[in-house]
Amino acid sequence: MLKRMTDALRNGEEGHATAGIGTVIGAAGAIMLAIGAAGDTDWLTITGGIVLAIGVIAAGVLHHQVVDYDLFGRLDKLEGK
């Protein structure tokens with residue numbers, strides 16, 4: 001069952017949930033950043049900023065890898081390249 005779920009996430013056309021992992025990481029970083037800034041906790045603010053940046057980068061990379069790469073591969077097949 002787990003294999004079927006991971007295959008659906010990786011290969012399914014239903015919304016590409018794998019690309020959302022980066023967004024979740026970024027949201028956690030934004031929350032950490034806000035809590036650290038409100039509580040005047042330097043280490044939490046810095047860590048939250050780093051996690052937020054990693055989440056933003058991961059969201060872009062995962063979206064490109066999961067959605068765009070597959071889409072352009074199918075377009076290349078249709079064009080005969």
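A single hydrophobic cluster is seen to contain both M32 and I21, as judged by linkage of ILVMFWY side chains at heavy-atom distances under 4.5 Å, directly or through other members. Note on I35: it clusters hydrophobically with V51, by side-chain heavy-atom contacts below 4.5 Å among ILVMFWY residues.
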Donor-acceptor pairs under 3.5 angstrom involving side-chain atoms of residues 38-46: please list them, not counting sequence neighbours.
residue: T41; atom: OG1; partner: G39; partner atom: O; Å: 3.4
residue: T45; atom: OG1; partner: G36; partner atom: O; Å: 3.1
residue: T45; atom: OG1; partner: A37; partner atom: N; Å: 3.2
residue: T45; atom: OG1; partner: T41; partner atom: O; Å: 2.8

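Applying the under-4.5 Å side-chain rule to Ile, Leu, Val, Met, Phe, Trp and Tyr, the cluster around V24 consists of that residue alone. In the hydrophobic clustering, where aliphatic and aromatic side chains (Ile, Leu, Val, Met, Phe, Trp, Tyr) are joined below 4.5 Å either directly or transitively, V61 groups with I57.
Nearest heavy atom pair, residue G22 against residue A58, reads CA-CB, 4.0 Å.
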